[in-house]
Structure formats: structure tokens, C-alpha cells
2 protein chains.
Amino acid sequence: MARDLSAPRTPVRPVEVDRSSPVPLYFQVATRLQELIEAGEIGVGARIENEVDLAERLGVSRPTTRRAIQYLVERGMLVRKRGVGTQVVHPKVRRPVELSSLYDDLVSTDREPRTEVLALKVVPAPPEVAGALELSPGTEVTWIERLRHANGEPLALMHNAIPLGLLHLEAPDLAAHGLYELLRRAGYQPRTATQVIGARAAGAAEARVLRERRGASLLTMTRTAWDVSGRALEYGAHVYRASRYSFELNLTAG
Amino acid sequence: MARDLSAPRTPVRPVEVDRSSPVPLYFQVATRLQELIEAGEIGVGARIENEVDLAERLGVSRPTTRRAIQYLVERGMLVRKRGVGTQVVHPKVRRPVELSSLYDDLVSTDREPRTEVLALKVVPAPPEVAGALELSPGTEVTWIERLRHANGEPLALMHNAIPLGLLHLEAPDLAAHGLYELLRRAGYQPRTATQVIGARAAGAAEARVLRERRGASLLTMTRTAWDVSGRALEYGAHVYRASRYSFELNLTAG
DNA sequence: GTCAATACTTTGTCCTGACAAACTGACTTG
DNA sequence: CAAGTCAGTTTGTCAGGACAAAGTATTGAC
């Protein structure tokens, strides 16, 4: 359907590989291609060279070239069609979903986060928390309550549970850093998570600390995060001021 | 850390491949492995055979075996470690995020969806819609307003815009099917989307059609969806009764 | 001129073979 | 006995080749 097949192949000229580098060849090729596409040197809609020619010109094997292209296809930058070729569809990577913390988001958008630690103690896990973290009921967990400010205004009230023994938390650390940053620093990298996002009206106590009217709309988010080996890292139940915050997601369907 | 390496390798016995099938070998192997894991025959934490042995026993090459395992690794079921082996970490696939429609979700959970088409017309795209769909301002689009019921109760008020020429919509079709199903049937498969999820209080008109009190909390979702070749398919601005609906997401970090 | 058959291009699948890098566990050595 | 060394295991990377399948473009027949 009116795909412009007469468009000239962009011959990806300045790609070279460094065989002495510890970086895998396929990754070198993928990175270079990504740079060229993001810089606009290979425009949207343009077809790139076919795998065989590209491989030959770069001096690598076809499987290596395929792997590099596949990497960018999975990231949504390229589309392949058998018998047709490979086309650029997006100049920027659409990341599937960011598994980053609120704190990092605020820092990166210059919104001056500040954290007030309301509680930090060890308690037996309530049934809901124990279930989410796959612990037997009553197992002790570190329980955290924090109030997160942005630009001097309260933004979110956050309750979190962390399995004991994972890491030792101190109030000053929590005040100065995001929870995910502390987890990462201790060697635990969140990799998968399930979230439930909903909304409800603010109760009296919540309204007071968040400086909203009673009954104001709040965004709620409960999340459980696991690391790469399936170990449960964190359970969180957060409420956000809907007037100041929303979730932005980029989705990709398999 | 206390990984049970003494656990016996589960030898994935009943896997066989059918070389006369048009289904690729790597996919046959991946599917069979996935079934065994989901059925619990290979338990969580168990290591599977190493690639070389598995390949030999199945009578396929090691790259084919690797590709099958890689497929499950990307879906979060397995974890590989060089020098160690491959372990099961999750008995079920955690899909990155489902890009399915509300209608399909309600059908699959047996909640008897019913759709009331409030409006179906062709209008010039408002600036916000034009921007989201990457159309020049004022381009005409199909504009849809629907009220979605579940179990006989109103659940969501949905506004959507579709580029003209993509497909011809009739009210009866919209009443009987989800929008995504109609798109798919016309050959357009949504692949990537950006969503913004927020909350706000119900206005008077919204409260009336959704049978909520005025000021009740509503979940809001605006979304733009593209197909595999980067063509904008749909813009949607939906509001949900927070008392009856929440978003559930499974995330995976790269 | 239109439609079907054919040739060509390009990606998809699969194989064999080889070496490198990371991790484990046992052995050696001080 | 403790710590470093070394061999074994397992996944990671890469090459080169072969054929299949799905499109596109051309050619030929009616």
C-alpha cells in the first residue's frame, strides 16, 4: 500500500567495527545504526541495505548483522519484511515501560524532590503484603512510610515493605535517595513488576498530609517488584495527588 | 547467594520436534518448554539441561535450542547465567504489557460488556487529537463517543478519534465489538502505544451518564496507538469509574 | 490490455564448527 | 587451615553455508 520502494537505500556508510574491543560486534553495529537513525541520517521510511550486502561491507557475518538489526527491531526502530527489506519506522526508541522510581523521575525533570520519612520500622507483614512478596504470613518486613514533595509541595504518600535481610535502611538514606536507587546500590536490580493503578477519594488523614480537600481525587498505585532471579524486592502502596501527577506509559505488544 | 546447585537437572523428557511441520523448530521447542514449566513439571528454581545436551537429545542444533531458550528468557520465565546454567524463575509468563482493549478484557473475565454508541461522526480533528495522530490541524477524523457497560452497570465513557480512510465504522459494529477488534479485522494491528493515566473528579454530565455522584473519583486514560509500520491508528480519551475499574500492568525492564 | 506464470530479491530458518568469558569446585601451596 | 590456582562446565559470540518462504517485478499468453 503505497510503500515507497523507489526510495534509495541509505548505505549506512560510516559504520566500522573494532574487533579488538570487548564490546560484541553485533552490539557495535546496532549502536552505530541507532545513532545514525536518531541523528536523522537515515530518515523515517528509508530502507537500509539488505543484510547480505551490509554484512559484507562491514566485514562481519550475516548472523552478526541479523542480530544487530533484530536488536533494533525489538526496540521498535526498524521493521523487517521478508522479500521487501528493512525500513526505519521510528527515529527514537520507544521503551516498553520504564521501571524507574518516582524520585528519579522528579530529579530528571528538575522538580526538586524532597522526602520526609514518617515511619521506618520492622513489623510482621500483613496478609496482603505477605502474599504480594511471597512470604509466609507474619514474616517480619521493613515497613516504610514516606511523604514525597516536589517543588515544595506534597505530591505522594508512599507505604513500602521490604523483606528483611535484603538491605539495611536508615532514615537519612531514605530522605536523600529514592528507594530504587538504594536497592540498586545494594546490588538488587528490579526487573519485573506488577502494578495496579486506580483512583479514590482522599480520606481525612490523607487530605491533611497531602494538603488536598477531603474527598479530592487521588491516584493509587500498588506494586510488587522482583529482580532477575525472581526474588521479591519490594511491595509498595502509594497515593498521588491527581491534581499534580499522572502516569505515562509506553507500551509494546509482542 | 544460596542458589541450590545441587538440585537435579530436570531432563525435559517428553519434548519432540516435528520436522514436517511448518512451525519453526525453535518455536516448537520453546512452546513445549513453556508448557512443561506452566504445568509445574519443571519447578521454579530447577535448572534445565544445558544447551548442548538438550540440543543433542532433541536432534536439533545448538543455535536452534538457544533461540528457543532465549525466547523464554525474554518473556521472563527463564534466567541464564554463564558458567552456571539456565533456571526457571517464574512459572507463568509475565507479559510486558497487554495492548488489548477494554472490551476483550471484559469478555475474557465474563463481565458481560455492552456498548452504547452515543456519537459517530466525521469532524475536523481538534488540535490535541491532530497532534497525537500526527495529522495536520483540521484534518477530518472519525469521532466516536461510547458508553461501556459491564454486568449491566455503566463503567466507562470513551471518546475516540480514528484517521479517515482507515476503516469504515457503523454504529452496530461498534455496539457489538471492541474498537481494537474492528481495527484488527480491517488489517491494522496495534503494536505500540503511549498512555497517560490520571484521575479527576466527575463533572455533572459525566456523573449523570456514569451514575456516579458529582465529584466522584474517575480514572482517566488518554492513549495513542500505532501499528508496526508507525502509522497512527487511534487516539482515545477515556474516563472510568474508579469504584469499578483499575489498570493492571506487568512491567519488564530492559 | 489483462491476468497468470516466472524470475529475482530479501528476510527467515537451520546447520556445523570454533573459540571466548564467566562461574564452580577441587586442588595445591604457603 | 586459608587463600590462590587451575581445570571443568556452561553460556556468549562469531563464522560461513544452505535452503525455504514471502514479497516484488518482469515476462508471456490469451
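A, B, ... follow the sequence lines: proteins, then strands. Residue 1 opens every chain.
Across the interface with DNA chain D, nearest-nucleotide mapping of A:Arg19 and B:Asp53 shows B:Asp53 to be the residue nearer the 5′ end. Nearer the 5' end of DNA chain D, as judged by each residue's closest nucleotide, is the contact made by B:Ile69, out of A:Leu25 and B:Ile69.
Contact annotation: A:Tyr26 does not reach the phosphate of D:dC14 (side-chain N/O to OP1 or OP2, under 4.0 Å). OP1 or OP2 of D:dT11 has not a single side-chain nitrogen or oxygen of B:Arg66 nearer than 4.0 Å. When the side-chain nitrogen and oxygen atoms of B:Thr86 are compared with OP1 and OP2 of D:dT10, none of them lie within a distance under 4.0 Å. For the OP1/OP2 pair of C:dC14 and a distance below 4.0 Å, the side-chain nitrogens and oxygens of B:Arg67 include no atom meeting the criterion. Under 4.0 angstrom from either OP1 or OP2 of C:dT13 there lies no side-chain N or O belonging to B:Thr64.
Counting any heavy atom pair closer than 4.0 Å across all strands shown, B:Pro63 reaches a base atom. A:Arg62 comes within 4.0 angstrom of a base, heavy atoms only.
In this structure the side chain of A:Tyr71 reaches within 4.5 angstrom of the side chain of A:Phe27, judged on heavy atoms. Side chains of B:Arg184 and B:Pro190 form a contact here, defined as non-hydrogen atoms less than 4.5 Å apart. Two residues are said to be in side-chain contact when any heavy atoms from C-beta on lie closer than 4.5 Å; A:Met77 and A:Val89 fail this criterion. Put simply, the side chain of A:Leu179 reaches to within 4.5 Å of the side chain of A:Glu234, judged on heavy atoms. Side-chain contact between B:Arg19 and B:Val60 is present, with at least one heavy-atom pair separated by less than 4.5 Å. Using a 4.5 Å cut-off on side-chain heavy atoms (C-beta onward), B:Asp18 and B:Gln28 make contact.
Here the C1' atom of nucleotide C:dG12 and the CG atom of A:Asn50 are 14 Å apart, to the nearest Å. One interatomic measurement links the two molecules: CD of A:Glu56 to C1' of C:dT10, which rounds to 15 Å at whole-angstrom precision. Between the CD atom of B:Gln87 and the C1' atom of C:dT24 there is a distance of 14 Å, given to the nearest Å. Summarising the geometry, the separation between CD on B:Gln28 and P on C:dT13 is reported as 12 Å, rounded to the nearest angstrom. A:Phe27 places its CZ atom 15 Å from the P atom of D:dG12, with the value rounded to the nearest Å. In this structure, B:Arg80 atom CZ and D:dT13 atom C1' are separated by 12 Å, rounded to whole Å. When rounded to the nearest whole Å, the span between CG of A:Asp18 and C1' of D:dC14 equals 15 Å. Between A:Lys81 atom NZ and D:dT24 atom C1' the separation is 13 Å, expressed in whole Å.
Comparing atom distances between the A:Ser61 side chain and each of C:dC14, D:dA15, D:dT11 picks out D:dA15 as nearest. Each of C:dC23, C:dC14, C:dA22 was ranked by its minimum atom distance to the side chain of B:Arg82; first place goes to C:dA22. Distance from the side chain of B:Glu51 is smallest to D:dG12 among C:dT11, D:dC14, D:dG12. Considering only side-chain atoms of B:Val84, the nucleotide from D:dA15, C:dT24, C:dT11 that sits closest is C:dT24.
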For nucleotides 3-6 of chain C, list the nitrogen or oxygen atoms of the protein found under 3.5 Å from its nitrogen or oxygen atoms, one pair per line.
none

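With sequence neighbours excluded, the residues that form a side chain to side chain donor-acceptor pair (under 3.5 Å) with B:Ser136 are B:Thr139. Residues forming a ring-ring contact (aromatic ring centres under 6.0 Å, His included) with B:Tyr26 (at least two apart in sequence, or on another chain): none.
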